[in-house]
Amino acid sequence: MSIYLGIDIGATTVKLGLFDPEKGVIGKRLDRPCKASEGPDATVNVIKTATSELLQANDLQFKDLKAIGACCPTPIDASGMCVYPTNIDHSWQGVNVRQKLSEALQLPALLLNDGDAAAYREYRVREAQNKASSCMAQFITGTGLGGALIINGKIWSAPAVSAELGHICINSSENADPCGCGARGCVETRASLLGLRNMVKHRQAKGNVPEALQGEHIEVAKTLRRLGQMDDPLSDVVAIWQEYFTSLGIAARNVVNTVGCDLIVISGGAQEKEKTASDGAYQRFKQDAIASIRQGIDQSFPHLTQTRVEWSIDTLLDSAAYGAAQYASVTGNTTL
């Protein structure tokens with residue numbers, strides 16, 4: 001057999017799945033609390049136990065696994081080391097997680113940034129539907145803002161790390177919001193859950209916000225997706241989302257002007273449909289989002305109007321885990 005183990009390591013949860021190059025995603029998936037705050041070794045122990053459980057649930061054995069494709073939410077260098085733990089515990093800094101996984105499971109391993117892994121999965125889904133691009137940039141919205149470049153079917157990466165699109169600077173003023181990377185004014189400080197929190201905080205400080213935007217900043221930020229997908233959203237809510245997606249557009253313009261990609265894909269938490277949202281309201285939300293992103297892009301060269309801006313079409317659970325496994329199967333870039 002040539003089955004690849006896909007692993008998505010998050011700050012609170014680790015997700016596992018199985019990928020067969022001929023059959024695609026196979027079998028049952030599994031997720032467990034990952035104990036990232038207790039350090040990489042604790043998480044690797046969780047993964048080792050969870051892998052045994054996953055194999056048992058799918059009537060497989062360790063000998064059926066060929067290699068590991070894993071990812072986590074930090075900048076990763078070519079050796080599989082966490083360069084800086086922006087979205088996971090500080091104890092991960094400078095740790096070669098690829099090596100730890102390989103030694104624990106006695107399998108060749110590949111480690112990616114989770115944004116790169118999710119974007120690669122999106123690329124392969126698009127390729128199967130003849131909707132791919134030879135140069136695609138993807139922004140993955142969540143607590144923070146991930147991003148990736150897929151060029152000619154491969155994840156773009158430098159000797160240090162791959163594309164950290166969430167840390168493109170869109171505000172260089174001295175009073176710009178601080179970012180978790182240490183800088184100020186990164187697009188992540190606007191286009192993410194943390195960005196929504198910042199916008200709520202600033203509006204509350206000025207006063208005169210509607211009741212729906214009052215309360216603890218992060219809790220209000222979490223409700224903004226529901227508020228934005230109502231049939232008749234409040235004008236203040238519309239303004240926040242417009243700023244959110246316009247900020248993405250500015251970052252996208254910088255990417256397009258730098259590498260010339262002709263497809264921008266938006267995925268992640270901001271795009272998910274609320275259970276309470278009507279189809280009409282959700283379509284309006286998406287159309288307004290794309291219009292705001294286009295506003296950011298179209299302020300530059302006329303030829304940038306040819307760049308497509310689209311919602312993600314990958315609906316698979318645990319895309320990053322499967323994307324990492326699929327990338328490992330295609331590139332063979334795994335080491336023991």
Side-chain angles (χ1 to χ4, degrees), residues 9-11 36-37 71-78 81-95 97 112-119 137-149 155-205 217-218 221 224 240-259 261 264-270 292-293 295-297 299-300:
I9 303 169
S37 62
C71 62
C72 64
T74 71
I76 303 295
D77 74 2
M81 181 179 73
C82 292
V83 177
Y84 185 70
T86 50
N87 294 304
I88 205 165
D89 191 76
H90 65 86
S91 61
W92 291 65
Q93 183 166 352
V95 176
V97 178
L112 302 172
N113 169 267
D114 59 351
D116 289 340
Q138 184 162 345
F139 289 88
I140 302 104
T141 63
T143 302
L145 178 63
L149 293 171
I155 298 170
W156 182 88
S157 61
V161 296
S162 54
E164 287 290 332
L165 304 186
H167 300 286
I168 292 171
C169 181
I170 62 170
N171 184 353
S172 60
S173 66
E174 62 181 20
N175 62 348
D177 285 305
C179 180
C181 72
R184 287 181 176 270
C186 295
V187 63
E188 180 172 289
T189 66
R190 282 297 177 270
S192 65
L193 177 62
L194 297 178
L196 291 173
R197 178 206 62 185
N198 289 338
M199 288 185 279
V200 167
K201 179 177 66 176
H202 294 316
R203 282 167 169 77
Q204 287 182 355
H217 306 144
I218 196 67
L224 273 167
I240 287 174
W241 280 111
Q242 183 176 26
E243 182 177 354
Y244 182 110
F245 285 113
T246 298
S247 298
L248 268 183
I250 295 170
R253 182 180 71 224
N254 289 331
V255 173
V256 175
N257 274 323
T258 301
V259 298
C261 55
I264 302 293
V265 175
I266 308 300
S267 67
S292 295
I293 294 170
Q295 180 181 340
I297 295 175
Q299 292 175 348
S300 192

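Numbering of residues begins at 1 and proceeds along the displayed sequence. Below, all heavy atoms of this structure are taken into account, side chains as well, without hydrogens, waters or symmetry copies. Just so it is clear, the structure is predicted and the values come from calculations on it, not from any experiment.
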### Query
Can you name the side chain to side chain contact (heavy atoms under 4.5 Å, CB included) partners of A252, sequence neighbours left out?
F139, I264, I297
### Message
Whether the side chain of T246 engages the backbone of Q295 through a donor-acceptor N/O pair (distance < 3.5 Å, no angle test) should be reported.
### Response
no
### Query
Where the side chain of T189 meets the backbone of G185, is there a donor-acceptor pair that is under 3.5 Å apart?
no
### Task
For A251 and V187, work out which heavy atoms get closest and say how close.
CB-CG2, 3.9 Å
## Note on the structure
Heavy-atom nearest pair, A36 first then D89, reads O-CB, 3.4 Å
### Message
Please identify which of these residues, N113, D114, I88, meets the side chain to side chain contact (heavy atoms under 4.5 Å, CB included) condition with T74.
### Response
I88
### Message
Looking at every heavy atom in both F245 and S292, which two are closest together, and how far apart are they?
### Response
CB-CB, 3.7 Å
### Task
Working to the nearest 0.5 Å, report the span between CD1 of I250 and CD1 of I293.
11.5 Å
#### Entry: Sequence-distant partners of N257, side chain to side chain contact (heavy atoms under 4.5 Å, CB included), two or more places apart
R253, S300, F301, L304
#### Entry: Nearest-0.5 Å distance that lies between atom CD in Q204 and atom CE in M199
13.0 Å
### Task
Under the side chain to side chain contact (heavy atoms under 4.5 Å, CB included) rule, what do L224 and V200 come out as? Steps first, then yes or no, please.
CA-CA 10 Å; L224 273 167; V200 167; 3.7 Å; yes
### Task
Output yes when a side-chain donor or acceptor of W92 lies under 3.5 Å from a complementary backbone atom of V97, and no otherwise.
no
### Message
For R203, give me all partners under salt bridge (Lys or Arg N to Asp or Glu O under 4.0 Å), at least two apart in sequence or on another chain.
### Response
E243
### Query
With sequence neighbours excluded, what pairs up with A183 under the side chain to side chain contact (heavy atoms under 4.5 Å, CB included) test?
C181, C186
## Note on the structure
So CG of N171 and SG of C179: to nearest 0.5 Å the spacing works out to 12.0 Å
### Task
Measure the spacing between CD1 of I155 and CG of L149 and express it to the nearest 0.5 Å.
10.5 Å
### Query
About how many Å separate CG of L112 and CD1 of I76, when rounded to the nearest 0.5 Å?
8.5 Å
### Query
side chain to side chain contact (heavy atoms under 4.5 Å, CB included) with A118: which residues, sequence neighbours excluded?
A320
### Query
Going by the salt bridge (charged side-chain N to carboxylate O under 4.0 Å, His left out) test, which pairs reach into residues 163-184, not counting sequence neighbours?
D177-R190
### Task
Locate the shortest heavy-atom distance separating V255 from A137; write the atom from each residue and the value.
CG1-CB, 3.9 Å
### Query
Any side-chain heavy atom of I266 sitting closer than 4.5 Å to one from I140?
no
### Query
Can you find a heavy atom in the side chain of Q138 that is under 4.5 Å from one in the side chain of S267?
yes
### Query
Can you tell me how far the OG atom of S37 sits from the NE2 atom of H90, to the nearest 0.5 Å?
9.5 Å
### Query
Parallel, tilted or perpendicular for W241 and Y244, by the 30°/60° rule?
tilted
### Task
Return the minimal non-hydrogen interatomic distance between S192 and L145, and the atom names on each side.
CB-N, 4.2 Å
